[in-house]
There are 2 protein chains.
Amino acid sequence: MVELDRCEINCIHDEAVQAVRQALFGEDVAASLAELFKALGDPTRVKILFSLMTRELCVCDLTAVIGVSESAVSHQLKILRTLRLVKFRREGKILYYSLADDHIEKLFAQGLEHVTE
Amino acid sequence: MVELDRCEINCIHDEAVQAVRQALFGEDVAASLAELFKALGDPTRVKILFSLMTRELCVCDLTAVIGVSESAVSHQLKILRTLRLVKFRREGKILYYSLADDHIEKLFAQGLEHVTE
DNA sequence: TGTACATATGAACAGATGTTCATATATGAT
DNA sequence: ATCATATATGAACATCTGTTCATATGTACA
């Protein structure tokens, strides 16, 4: 019962606040969503993911395509892996990365719509 | 003509790299996309946007729903405004915020699919 | 004009983030 | 075993980010 302690009487629309509060997903879901979007919120990772939309690539290829150090790519790949945004298969010494599922492509498509309008 | 200066001969898949490089969108688009996703990549902003999916709300309502200071909400709203993710209308002293367009709902839907699977 | 209220904004500060550098691990070849 | 290569990882560091606190702006009303 943590009620309003600001804007005591005037500004708050009680019913609205109650309704929205109930509809609002939990703290954990909000955190997960934010974590996902945050992972997409970096130019290097955007480029990695977009590159992988074309085809699977090894770390070395990604380095060449994107133009950052191999270490930086590797660090970012770890983040993307942790969030199940990319997966990889091993072939000898080489690791081939690819998108984990097709959500990312849809997210990018939506994002591009917003950005390029 | 900045060619490969690492993994000289062995690892790079030249054709792949060339192809992906051509397909890759420009630096500016990558930056814009990252900026958009970064804006969605914070719990407070996620909650603000999700709240506004239900209905338009004033700053004071948002403060009550989300449970952070009015100043914090206001700062975050500025970021969302700058990226044209939310808009507002004034009614006397009160500002009613709402989602700028329906891209955000689609992005959230996609994001939730990934998170809750 | 002055007061009250809703919201915005700037500065400051703690904590998070991305890169670099050095080093470690894993695989294949000699 | 030793070595070279492809990738991963930890530490360090500079930069960025979100909140708080204090203050400013804008609107309504007396």
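Every chain is numbered from 1 and lettered A, B, ... according to where its sequence line falls, protein lines coming before strand lines.
Note on Phe88(A): nothing from the nucleic acid sits closer than 4.0 angstrom, heavy atoms only.
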B/S/- contact track for nucleotides 14-26 of chain C, protein heavy atom under 4.0 Å: ---SSSBBB----
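Annotation for Leu99(B) and Lys87(B): closest pair O-CE, 3.8 Å, computed over non-hydrogen atoms. Closest non-hydrogen pair, Leu33(A) versus Gly111(B), comes out as CD2-C, 3.7 Å.
Here the straight-line distance linking atom CG of Leu80(A) with atom CG of Leu40(A) works out to 8.0 Å at 0.5 Å rounding. Put simply, OG1 on Thr82(A) and NZ on Lys78(A) are 6.5 Å apart, with the number rounded to the nearest 0.5 Å.
Between Lys106(B) and Lys106(A), the closest side-chain pair of non-hydrogen atoms is not below 4.5 Å. Side-chain contact between Asp42(B) and Ile79(B): absent, with no pair of heavy atoms (C-beta onward) separated by less than 4.5 Å.
Protein atom CZ of Arg81(B) is 10 Å distant from nucleotide atom C1' of dT9(C), rounded to whole Å. As a whole-Å value, the separation of Leu62(B) CG from dT7(C) P is 9 Å. To the nearest angstrom, P of dT27(D) lies 9 Å from CG of Leu95(B).
At dT7(C), none of the side-chain N or O atoms of Tyr96(B) fall inside 4.0 Å of OP1 or OP2 (strictly under the cut-off).
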